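First up is the structure itself, then whatever we jot down about it.
None of the values given here were measured: they were computed from a predicted structure. Every chain is numbered from 1, with letters handed out A, B, ... down the list of sequences.
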Amino acid sequence: MPDVAISVQDLSKRYRIGLEEERHDTLLGAMSSWVKSPLSNFKSLRKLSSFKSEVESDDIIWAVKNMSFSVDQGEVLGVIGKNGAGKSTLLKILSRITEPTSGKVEVNGRLASLLEVGTGFHPELTGKENIFLNGTILGMTKKEIEKKYDEIVDFSEINKFINTPVKRYSSGMAMRLAFAVAAYLEPEILLIDEVLAVGDTAFQQKSIGKMGDIASAGRTVLFVTHNMSALASLCSRTILLDKGQIIDDGKTDVIIQKYFSLDENNGPTGKGEIFFETDVSNGGPFILHAMRTLDERGSIRDAYSSFEPITVEIEFSLKEEIKNLVVGFELKAELKLLIFRSFHNDKEEVFKFRNNSDHRYKLQAEIPGSLLNGGNYYLEPCATVFKKYWIFKDIPGLEINISFDVPNTDHTYVNGRPGLLSPILNWQQGN
Amino acid sequence: MNKTIIEAQEGWQLIDWKELLNHKDLFYFLVLRDVKVLYKQTVMGFTWAIIRPVFSMIVFTVVFGGLAKMSSDGVPYPIFSYTALLPWTYFATAMTKSTQSLIGNARVLSKIYFPRLIIPMTPVLAGLVDFTLACSVLGVMMGWYKIMPNSNIIFLPLLVILMILTASGVGMWLSALAIQYRDVGFAAQFFSQLLMYAAPVVWPATLIPEQYRLVYGLFPMAGVIEGFRSALINTNPMPWDFIFMGTISSVLMAITGAFYFRRMERVFADVA
C-alpha cells in the first residue's frame, strides 16, 4: 500500500474571465455593434474554452499556479487562504470537476468530494428519494445506501417526515438531511470545502464532531475552511495559499499566525472607503462595490472619536435576484479577533432587493458612539443566503482608527482602556 | 487500491464504459427522478403523456385529414397520424430536454464529478415512460379500427433502438453545444417543431419521389416512423431503404456526438 494518498506535481489552472463589455454613447454605434454582435459574441463565447497560443492576456487569470505538495495516507490537511487564493479551484481539480491546464495529480484510493451539502437535492422528491439520489451523486452505490439508510435517517432526526417532499421541509431540516447523507460517505480520501459554515451553531458543532470522527478513523482528509477553530482542532498540518501558489506549509498553529499577518500586510486601505474590484461572490449575482464609514454629518472618514456614532455603508448591486439575501458586516479588533457580526435584517426589517441589475443598493448601519475602545478596528462586509450558505465573508475590508475619548470628564487615555470594547455605561447610585 | 491520474487531456477521448458502469445506480436514480418529478403537483398526472399526442392527432385529423384531404396510405387518418406521433413526440421531447440538460444541471456539474454523459442520456431514457404510456392508446385505437399488426412487428424493437440511438446522438451533440452557446437551446426547441413537418408525421412518405428516397432516408426518424406504420397498421412494406440509411446516419451522429461530448466535457464546469 503506497504511503502517499494525494501527490500534486506542478499543478496549474488558468481561467478566462470575461472582459468588460463594450459601451456605446451613440445610437449609430449601438446599432452597428448590434449588427456585429453575433460574430463578436460567438468569438467571446468560443474563447471560454480555447486558449490558443495566448500565454498572457488581460482576461486570463491563473487560479492555481505551479502547486506541488503531497498528502500522506490518514493525514488531515488543512488548506487556508484569502478569497481568490485558489483553494476552491484546487479542490475542483482534485475532485475532477475541472481539468488542470498543466501538471499532474496522483490519487491513491477512492476519493469523494463534498464541496456543498445537498448537491442535486430535488425539492419535489421525498426525503427518502433524495437520500438515494444525493447518495449516488456523491458516489455511493444503491447497496451501500440501503445498508446505511437507517443510520442516515436517525442522524438527520427527521424520521417522521422522511416520506414528505423536501420542499415542505424547513431549511434546517433539509440541511440536516443533506449533511446526514454526506456524513455516511465512506471514501478513503475526502475533500471538504467549507461545508461546516452552514446551519446554526449547534449544527456546526455536530458537524465538526462528525468530521473529527472521520479524521480519527484514519481517512485522508483535505479540508478547506475559513473557520480557524475547526481547522486548529481537526488538522495538524495546513498549507497556506495566496494568488494560486503555496506560500507556506507546516504546523497548523504556525500557519494560522502567518495567515493573519498576511492579511495585515496587504490588508485594508485607509481613508474610510474601499472599492472592491474582485468578484467576491465567485461569479454569483452579488456584486460588491464599496464599503465606507461616515460620521454624523455624512462625511467619509477613517478616524473617529470613541463617542461618535459611526455609520457603516455597504454598496452593492445584484445581477439577479437572490432569495433571502442577508447583507452585513463583521467588526474585528487587532489580530482579526471577531467582536461582533451584524446583519441588515436583525431588527426584522426586511429590505426587498428587487431584480434590477442597474440599481446600486446602499445599506447603512450605525455603530453607536461610546462603545468602541481606542485603537484600530476592521470592518469586513459579508453576505449570506439566510441559513444556507455564505456568499462571501472574511474579505479584507476597512480599517478605522478610534481615539478614546470620554466627553465631560478629564480622563485621557492615549490608547484606550484595556479591553476590546470600552462602552460608556450609565451609572447611578442605588438606594 | 484505486489509482487515479488527473492531468490535462489531449485530443479525442473514447467513452469510458467501465466508469459509466460504476455509476449505473446514479443513472438509475436520475432517470427515476426525471420520471417522478415530471408530473408532480399536476391534476392529470401521467395522463399528460397521452394528452399531448392525442390532441395533436385530433388537430391533424381535422386540418390535414379532413380539410386538406391528405393521403393516409389507406388507413383512417387518426391512426395514421397517431402511429407517427408516438416516436415523433418521444424524439422531440427527448431532444429538447437533452439539449437543456447540462444547463439545467450546471450547479451539480460545478460541485461534483461523475461521468457527464449520464446527464444528456437521462431524458433520453426517462422519455421512454411517456412513450410506453402513449403506446397503450394506440392499442385501444387498433382495437377500435380493427387493425391487426402484421409479422413485421418483430422488427419493432429494432425501430425503438434506432429511435433511442438517434435521440442520444442528437442529445450528446446539442447538450455539449448548448452549455457554451445558449442559442442552441432556443434553436432546438423551435426546430423540433419545424422538423416535424419534415418528418412523415402528417403526410405519408410515399409522397417522396422514388429517386430521393435514399437521401431522404438519411433523416433517421423517417425510417422509424414509416417502420412503425408498416409494423403496426399495415400501410406499406417495411421501408428498409429508409431504415438502412437512417441507421447509418444515426450511428454516425451518435459516434461523433460521443466524441464531441467527451472533448467538450472537460470545460463544462468552466463554461457553465
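- In terms of heavy atoms, B/Ala8 sits closest to A/Pro100 at CB-O, 3.4 Å.
- Closest heavy-atom contact between A/Ile97 and B/Leu109: CG2-O, 3.2 Å.
- In this structure, a donor-acceptor pair under 3.5 Å is present between the side chains of B/Asp270 and A/Thr98.
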Item to check | Worked check of side-chain contact (heavy atoms from CB on, under 4.5 Å) between A/Ser113 and B/Ile112 | outcome: CA-CA 7 Å; A/Ser113 62; B/Ile112 196 110; 4.0 Å; yes
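- Proximity to chain B is limited to the backbone of A/Ser95, based on heavy atoms less than 4.5 angstrom apart.
- Looking at B/Asp25, its side chain does come within 3.5 Å of a backbone N or O of A/Lys142 through a donor-acceptor pair.
- Interatomic distance, A/Thr136 OG1 to B/Leu30 CG, rounded to the nearest 0.5 Å: 6.5 Å.
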Item to check | Chi angles and distances behind the side-chain contact (heavy atoms from CB on, under 4.5 Å) call for B/Ile6, A/Arg96 | outcome: CA-CA 7 Å; B/Ile6 303 166; A/Arg96 298 176 66 195; 3.8 Å; yes
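- One distance of note links OG1 of A/Thr119 with CZ of B/Phe114; it measures 9.5 Å at 0.5 Å rounding.
- For B/Gln9, the parts sitting under 4.5 Å from any heavy atom of chain A are the backbone and the side chain alike.
- Heavy atoms of A/Leu138 lying under 4.5 Å from chain B belong to its backbone as well as its side chain.
- Looking at A/Glu129, only its side chain comes within 4.5 Å of chain B, counting heavy atoms on both sides.
- Proximity of B/Gln41 to A/Lys167: side-chain heavy atoms (C-beta onward) are separated by under 4.5 Å at one or more points.
- In this structure, CD1 on A/Ile137 lies 13.5 Å from NZ on B/Lys111, to the nearest 0.5 angstrom.
- Few gaps surround CZ on B/Phe46; more than 12 heavy atoms of other groups in view lie less than 6.0 Å from it.
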Item to check | A/Glu124 vs B/Lys36, side-chain contact (heavy atoms from CB on, under 4.5 Å): CA-CA, chis, key distance, verdict | outcome: CA-CA 9 Å; A/Glu124 296 283 354; B/Lys36 279 184 171 168; over 6 Å; no
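- At a threshold of 4.5 Å between non-hydrogen side-chain atoms, the residues B/Lys3 and A/Val107 do not count as touching.
- B/Lys40 places a side-chain heavy atom less than 4.5 Å from the side chain of A/Leu125.
- Remark: B/Trp17 CH2 is loosely packed, at most 12 non-hydrogen atoms of other residues, nucleotides or ligands lying under 6.0 Å away.
- Here the closest heavy-atom approach between residue A/Leu133 and residue B/Arg33 is recorded as CD2-CD, 3.6 Å.
- Both the backbone and the side chain of A/Ile93 come within contact range of chain B, each with at least one heavy atom under 4.5 Å from a heavy atom of that chain.
- Surrounding CZ of B/Phe191 are at most 12 heavy atoms belonging to other residues, nucleotides or ligands under 6.0 Å away.
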Checklist entry - Going through the distances and angles, do B/Glu7 and A/Glu106 end up as a side-chain contact (heavy atoms from CB on, under 4.5 Å)? => result CA-CA 9 Å; B/Glu7 56 192 337; A/Glu106 226 181 282; over 6 Å; no
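- Only the side chain of B/Arg116 has a heavy atom closer than 4.5 Å to any heavy atom of chain A.
- Inter-residue side-chain proximity for B/Ile5 and A/Val105 is flagged as unmet; no heavy-atom pair is nearer than 4.5 Å.
- Residue B/Ser110 comes nearest to A/Lys92 through the heavy atom pair O-CE, 3.3 Å, listed as atom of the first residue, atom of the second, then distance.
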